[in-house]
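What follows is a short report on a single structure.
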Amino acid sequence: MTIRVLLADDQALLRSAFRVLVDSEPDMEVVGEASDGAEAVRLAREERADVVLMDIRMPGTDGLAATRMISADPGLVHVRVVMLTTFEVDEYVVQSLRAGASGFLGKGSEPDELLSAIRVAAGGEALLSPAATKGLIARFLAQGDGADEDRDPARAERLEALTGREREVLVQVAGGLSNDEIAERLEVSPLTVKTHVNRAMAKLGARDRAQLVVIAYESGLVRPRVD
């Protein structure tokens with residue numbers, strides 16, 4: 001299946017470079033280009049995009065607002081947003097994850113990393129490495145001293161619907177581990193892990209793994225580690 005990619009960036013030169021790169025791959029194609037967030041939302045609907053490469057900072061409707069609009073649209077539930085940012089550790093990145101983005105990628109990433117990110121996002125995975133989870137999610141998402149009053153009680157209540165094993169898998173997902181890595185750590189099969197992840201997503205109303213990470217931190221299931 002060909003991955004339909006939408007490019008959203010106010011810099012035409014960057015869009016052109018991304019288009020050449022994406023269109024060079026046999027399993028993906030660029031179906032549209034947008035210079036602002038509003039246009040990105042419109043094209044995501046019209047072109048039935050699978051993945052949107054979204055710049056965070058754009059004039060008019062920015063990438064953050066556009067991501068919220070895409071996530072709130074039932075007709076775009078299949079669309080995955082990958083945020084493009086100049087700096088990997090950026091407060092706006094966490095806001096984008098809360099808004100529904102599947103992850104983020106630095107504009108200085110290598111071509112292979114960008115292509116891999118598109119495939120990962122299209123597959124429903126989160127673009128959150130263990131290092132990024134520790135250095136960014138823990139820094140901004142779980143602000144405060146770790147006290148219970150800093151947590152979202154509504155999120156915590158929703159965790160009660162999970163089984164013990166699903167909660168255990170959620171903790172590992174929040175650590176940035178892949179299904180294979182979780183399977184090895186818990187001594188189960190990757191398919192079993194995938195099943196638990198999918199059930200947790202359904203029970204918690206999460207769009208993808210990135211949303212599971214957000215829920216794990218905001219509920220207090222996972223606490224930030226300060227080294």
What verdict does the side chain to side chain contact (heavy atoms under 4.5 Å, CB included) test give for Leu159 and Leu170, after you've listed the backbone C-alpha separation in whole Å, the side-chain angles of each residue and the deciding distance to 0.1 Å?
CA-CA 10 Å; Leu159 291 181; Leu170 178 54; 3.8 Å; yes

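- Under the 4.5 Å side-chain contact rule for hydrophobic residues, Val22 and Val20 do not share a cluster.
- Minimum heavy-atom separation, Leu6 to Ala49: CB-CB, 3.9 Å.
- A 4.5 Å side-chain heavy-atom check between Asp50 and Arg80 finds every atom pair outside the cut-off.
- Annotation: salt bridge (Lys or Arg N to Asp or Glu O under 4.0 Å) contacts involving residues 168-177, sequence neighbours excluded, comprise Arg165-Glu168.
- Shown here is Glu184, whose CD atom has no more than 12 heavy atoms of other residues, nucleotides or ligands within 6.0 Å.
- The distance from the CG atom of Leu21 to the CG atom of Leu115 is 4.0 Å, given to the nearest 0.5 Å.
- Evaluation of the side chain to side chain donor-acceptor pair (under 3.5 Å) rule for Ser178 yields Glu181 as partners, not counting sequence neighbours.
- Put simply, Leu53 and Ile3 are part of the same group of oily side chains (I, L, V, M, F, W, Y) that touch within less than 4.5 Å, one to the next.
- Here the side chains of Val188 and His196 are not in contact, with every heavy-atom distance at 4.5 Å or above.
- Partners of Arg42 under the salt bridge (Lys or Arg N to Asp or Glu O under 4.0 Å) rule, at least two apart in sequence or in another chain, are Glu39, Glu46.
- Side chain of Ser71 to main chain of Ala99: a donor-acceptor pair is present (N/O by atom type, distance under 3.5 Å, no hydrogens or angles).
- For the residue pair Ala174 and Val213, the shortest heavy atom distance occurs at CA-CG2, 3.9 Å.
- A 4.5 Å side-chain heavy-atom check between Phe18 and Leu84 finds at least one atom pair inside the cut-off.
- Smallest separation of non-hydrogen atoms from Asp62 and Ile56: CB-O, 3.4 Å.
- Side chains of Arg185 and Leu177 form a contact here, defined as non-hydrogen atoms less than 4.5 Å apart.
- Taking the side chain to side chain donor-acceptor pair (under 3.5 Å) definition, one finds that Thr195 meets it with nothing, sequence neighbours left out.
- For the salt bridge (Lys or Arg N to Asp or Glu O under 4.0 Å) condition, no pair includes a residue of residues 187-199, sequence neighbours left out.
- Distance alone, capped at 3.5 Å, is enough to place a donor-acceptor pair between the Arg4 side chain and the Arg48 backbone.
- Applying the side chain to side chain donor-acceptor pair (under 3.5 Å) criterion to Ser189, with sequence neighbours excluded, gives Thr192.
- When all heavy atoms of Ala101 and Met83 are compared, the pair lying nearest together is CB-CG, 3.7 Å.
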For Met69 and Leu76, what are the C-alpha separation, side-chain angles and deciding distance, and is it a side chain to side chain contact (heavy atoms under 4.5 Å, CB included)?
CA-CA 9 Å; Met69 294 167 68; Leu76 299 177; over 6 Å; no

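- The side chain to side chain contact (heavy atoms under 4.5 Å, CB included) search around Ala206 returns Met201, Gln211, Leu212, Ile215, not counting sequence neighbours.
- One distance of note links CG of Asp73 with CD1 of Ile70; it measures 8.5 Å at 0.5 Å rounding.
- With rounding to the nearest 0.5 Å, the separation of CE in Met54 from OG in Ser102 is 11.0 Å.
- Here the closest heavy-atom approach between residue Ser35 and residue Pro59 is recorded as O-CD, 4.4 Å.
- Listed here is the closest heavy atom pair of Ala8 and Val52: CB-CG1, 4.4 Å.
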Derivation and outcome, side chain to side chain contact (heavy atoms under 4.5 Å, CB included), residues Val82 and Ile118
CA-CA 8 Å; Val82 176; Ile118 292 172; 5.9 Å; no

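- Under the 4.5 Å side-chain contact rule for hydrophobic residues, Val81 and Val31 do not share a cluster.
- Looking at residues two or more places apart in sequence or on another chain, you find no side chain to side chain donor-acceptor pair (under 3.5 Å) involving Asn198.
- Residues satisfying the salt bridge (Lys or Arg N to Asp or Glu O under 4.0 Å) criterion with Glu166, sequence neighbours excluded, are Lys203.
- Taking the salt bridge (Lys or Arg N to Asp or Glu O under 4.0 Å) definition, one finds that Asp180 meets it with nothing, sequence neighbours left out.
- In this structure, the salt bridge (Lys or Arg N to Asp or Glu O under 4.0 Å) partners of Glu25, at least two apart in sequence or on a different chain, are Arg119.
- Listed by first then second residue, pairs satisfying salt bridge (Lys or Arg N to Asp or Glu O under 4.0 Å) with a partner in residues 7-19 read Asp9-Lys107, Arg15-Glu33, Arg19-Asp23, Arg19-Glu33, not counting sequence neighbours.
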